[in-house]
Amino acid sequence: MTTNGSPGRLHAVVAIVGVDGAGKTTQAHLLAAWLAAAGYSADYWQNAGGRRWFGRLAQFFGRPDAQALLGVGGMLFVESVLRWLAIARALVRSRFRRHIAVMDRYSWCQYASIRAHASMAATVPSPDGPSRRERRARRLYGLFREPDLTVFLAVPPGRAWTRVEERGTDHEDLGYLAAADAAYRSLPEADRFVVIDADRDPASVQRDLRLAVADRLGLPGADVGPLVAP
Ligand SMILES: Cc1cn([C@H]2C[C@H](O)[C@@H](COP(=O)(O)OP(=O)(O)O)O2)c(=O)[nH]c1=O
């Protein structure tokens, strides 16, 4: 994190992670808007891995989802590359502009995705530590700096599943959401995540998120409340 002390010129990286339906996109947009209102130059970055886009393409070709089109390994490879490019672009641009980057997903999401897919495919858990695929991803993503703050939005998988269904843009398997939740929690980095209970109304979650960001970044002049319900 680098700053010259005035609100507008702070470079920092805040990563919001969690399973699909946890509320990352909603909360990250609100956070970036709040930072901007407080006088900080902040950008929201959607570090998508292309699953939704490839899902639509798959349906166009009569397949149920992206994995049916590309295979699990193919989709994980495409996702790793696209997300890497998105994160690299966000980090470079926010570093040069001296902005706060609010990252919707980060490297941790790729490791969790790889672990969750491996656990869905395995009949017994692997005792050998990270898979070859995860080690490869870690070499690639290890080039990125650790965010100043990573927030894990924690929701029960059933709640996340309901939200995804209500969103109506995609579908998630409940078993996969449970595997992804367990995968995030199993990461070696997980003990550095700030965990926020996201199974609450969006305003309460946003308030805790702002408090965590203000505490970690030490934002002068950023008033956390009162909060207008989003
Ligand atoms: C944050 C939040 C989102 N939602 C809705 C908005 C979206 O339609 C859906 C998923 O939220 P979204 O922010 O898209 O989650 P993610 O980026 O983690 O996949 O849930 C709630 O119902 N309650 C909440 O508290």
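Remember, it's 1-based here, ligands and their atoms both numbered in the order they're listed.
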Q: Return the protein residues near ligand 1 (heavy atom under 4.0 Å from any of its atoms), ordered by chain and residue number.
A: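 For ligand 1, the residues that come within the 4.0 Å heavy-atom cutoff are Val19, Asp20, Gly21, Ala22, Gly23, Lys24, Thr25, Thr26, Gln27, Arg163, Arg167, Arg200, Pro202.
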Q) Can the ring centres of Tyr141 and Trp108 be said to be less than 6.0 Å apart? A) no
(Q) Looking at Ser204 and Arg200, would you say the former's side chain and the latter's main chain have a donor-acceptor pair under 3.5 Å? (A) no
Q: Check for a donor-acceptor pair, side chain of Arg105 on one end and backbone N or O of Asn47 on the other, with a separation under 3.5 Å.
A: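 No.
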Q. Does a salt bridge link Arg138 with Glu189, judged by any charged N lying under 4.0 Å from a carboxylate O?
A. yes
Q. Is it the case that one hydrophobic cluster holds both Met75 and Met120, taking links as side-chain heavy atoms less than 4.5 Å apart, direct or via other members?
A. no
Q | For Arg135, all residues meeting side-chain contact (heavy atoms from CB on, under 4.5 Å), sequence neighbours excluded | A | Pro130, Arg132, Arg139
